[in-house]
Amino acid sequence: FHDHALMIIFLICFLVLYALFLTLTTKLTNTNISDAQEMETVWTILPAIVLVLIALPSLRILYMTDEVNDPSLTIKSIGHQWYWTYEYTDYGGLIFNSYMLPPLFLEPGDLRLLDVDNRVVLPIEAPIRMMITSQDVLHSWAVPTLGLKTDAIPGRLNQTTFTATRPGVYYGQCSEICGAN
């Protein structure tokens with residue numbers, strides 16, 4: 001896609017520079033060029049065609065990279081006020097709640113407003129599908145280290161896919177205005 005878009009950009013730059021060169025080096029003998037309706041039509045339709053030529057391959061690539069046909073693991077995440085429920089759908093209904101640790105229960109080295117009592121365990125180097133919804137209000141399931149942020153909306157099931165590339169702890173965080181906690 002990069003090469004495709006770059007060729008279109010080079011073509012546009014070449015045409016603009018050529019038009020500027022002609023404007024600067026030739027005498028303008030035709031003074032009625034500002035009334036040419038055919039020219040106005042061309043310079044209105046031509047950019048629209050160029051945008052379509054850039055958008056169609058871009059949308060195809062975006063769709064192909066977002067869809068995982070055979071994920072190794074599917075997890076359903078349900079947002080509640082002040083906690084999340086996770087369900088490993090591939091493993092017969094393994095369900096647990098994940099609450100943020102209150103400041104009184106934090107140990108040295110724990111991160112305030114990031115550590116939870118039950119963490120989600122994921123394999124590395126495996127495609128994972130995350131199904132995200134909400135039970136009550138709008139939430140935002142976000143893990144900045146993985147580059148993920150998906151809204152959890154009541155009555156709607158959103159999907160995101162990702163692959164964890166290194167072992168370790170990835171912290172999610174609330175990115176909505178949720179209230180006191």
Side-chain angles (χ1 to χ4, degrees), residues 1-26 28 30 32-79 84-90 120 122-168 170-178:
F1 174 72
H2 174 268
D3 295 342
H4 173 74
L6 197 61
M7 286 301 119
I8 292 173
I9 291 170
F10 280 155
L11 179 66
I12 291 170
C13 290
F14 177 74
L15 288 174
V16 168
L17 288 174
Y18 181 70
L20 283 172
F21 177 75
L22 285 180
T23 303
L24 293 174
T25 58
T26 60
L28 298 175
N30 189 357
N32 295 328
I33 196 162
S34 62
D35 295 329
Q37 298 216 350
E38 295 85 15
M39 182 186 252
E40 289 181 12
T41 304
V42 168
W43 74 44
T44 302
I45 292 176
L46 193 63
I49 292 171
V50 169
L51 287 176
V52 168
L53 288 176
I54 292 174
L56 289 179
S58 172
L59 291 174
R60 182 179 157 272
I61 291 170
L62 184 64
Y63 177 76
M64 296 296 283
T65 57
D66 188 43
E67 187 65 30
V68 173
N69 294 328
D70 190 24
S72 297
L73 181 65
T74 300
I75 301 173
K76 184 177 179 184
S77 176
I78 303 168
W84 289 87
T85 299
Y86 294 99
E87 177 181 345
Y88 287 80
T89 58
D90 299 334
V120 176
L122 303 172
I124 60 169
E125 300 297 334
I128 299 166
R129 176 190 297 143
M130 186 67 81
M131 311 295 276
I132 301 163
T133 188
S134 173
Q135 185 71 33
D136 42 25
V137 297
L138 294 176
H139 297 283
S140 183
W141 191 85
V143 183
T145 311
L146 292 173
L148 296 171
K149 180 178 178 183
T150 304
D151 289 331
I153 302 168
R156 179 178 172 152
L157 190 64
N158 287 331
Q159 171 181 305
T160 188
T161 55
F162 62 92
T163 301
T165 57
R166 63 173 176 81
Y170 295 90
Y171 290 101
Q173 61 190 37
C174 181
S175 56
E176 299 285 334
I177 301 174
C178 296

Applying side chain to side chain contact (heavy atoms under 4.5 Å, CB included) to V16 and not counting sequence neighbours gives I12, L20
CD1 of I61 to CG of L56, rounded to nearest 0.5 Å, is 11.0 Å
Checking S134 side chain against H139 main chain: does a donor-acceptor pair fall under 3.5 Å? no
Y86 meets the ring-ring contact (aromatic ring centres under 6.0 Å, His included) criterion, sequence neighbours left out, with F96
Taken in chain and number order and not counting sequence neighbours, the residues that satisfy side chain to side chain contact (heavy atoms under 4.5 Å, CB included) with T85 are I78, H80, Y83, I95, N97
Here the pair of heavy atoms bringing T89 nearest to K76 is CG2-CB, 4.1 Å
Shortest non-hydrogen pair, S140 vs D151, comes out as OG-OD1, 3.7 Å
Between A152 and W84, the two heavy atoms sitting closest are CB-CH2, 4.0 Å
The reported gap from CD1 in I8 to CG in L53 (rounded to nearest 0.5 angstrom) is 5.5 Å
Note: T74 and P71 closest approach over all heavy atoms is OG1-CG, 3.9 Å
d(I75 CD1, I132 CD1) to nearest 0.5 Å is 10.0 Å
request  = List the steps, then state whether side-chain contact (heavy atoms from CB on, under 4.5 Å) holds for V120 with Y88.
outcome  = CA-CA 10 Å; V120 176; Y88 287 80; 3.3 Å; yes
Rounded to the nearest 0.5 angstrom, the OG1-CG distance for T133 and L157 is 6.0 Å
Sorted by chain and number, sequence neighbours left out, side chain to side chain contact (heavy atoms under 4.5 Å, CB included) with A126 holds for S72, P123
Inset, instruction - Determine, step by step, whether L138 and I153 satisfy the side-chain contact (heavy atoms from CB on, under 4.5 Å) criterion, reporting the C-alpha distance in whole Å, the side-chain angles of both residues, the deciding distance to 0.1 Å, and the verdict. - result: CA-CA 5 Å; L138 294 176; I153 302 168; 3.7 Å; yes
Distance col, row L73:CG vs T161:OG1, nearest 0.5 angstrom, shows 12.5 Å
inquiry  = Keeping H4 on the side-chain end and S58 on the backbone end, is there a donor-acceptor pair under 3.5 Å?
reply    = no
Hits for side-chain hydrogen bond (donor to acceptor under 3.5 Å, both in side chains) against N158, two or more places apart or cross-chain, chain-then-number order -> R156
Hits for side-chain hydrogen bond (donor to acceptor under 3.5 Å, both in side chains) against T150, two or more places apart or cross-chain, chain-then-number order -> none
Using side-chain contact (heavy atoms from CB on, under 4.5 Å), reason through R166 and T145 one step at a time and then give a plain yes or no.
CA-CA 11 Å; R166 63 173 176 81; T145 311; 3.5 Å; yes
When rounded to the nearest 0.5 Å, the distance separating CG of L122 from OH of Y170 is 9.0 Å
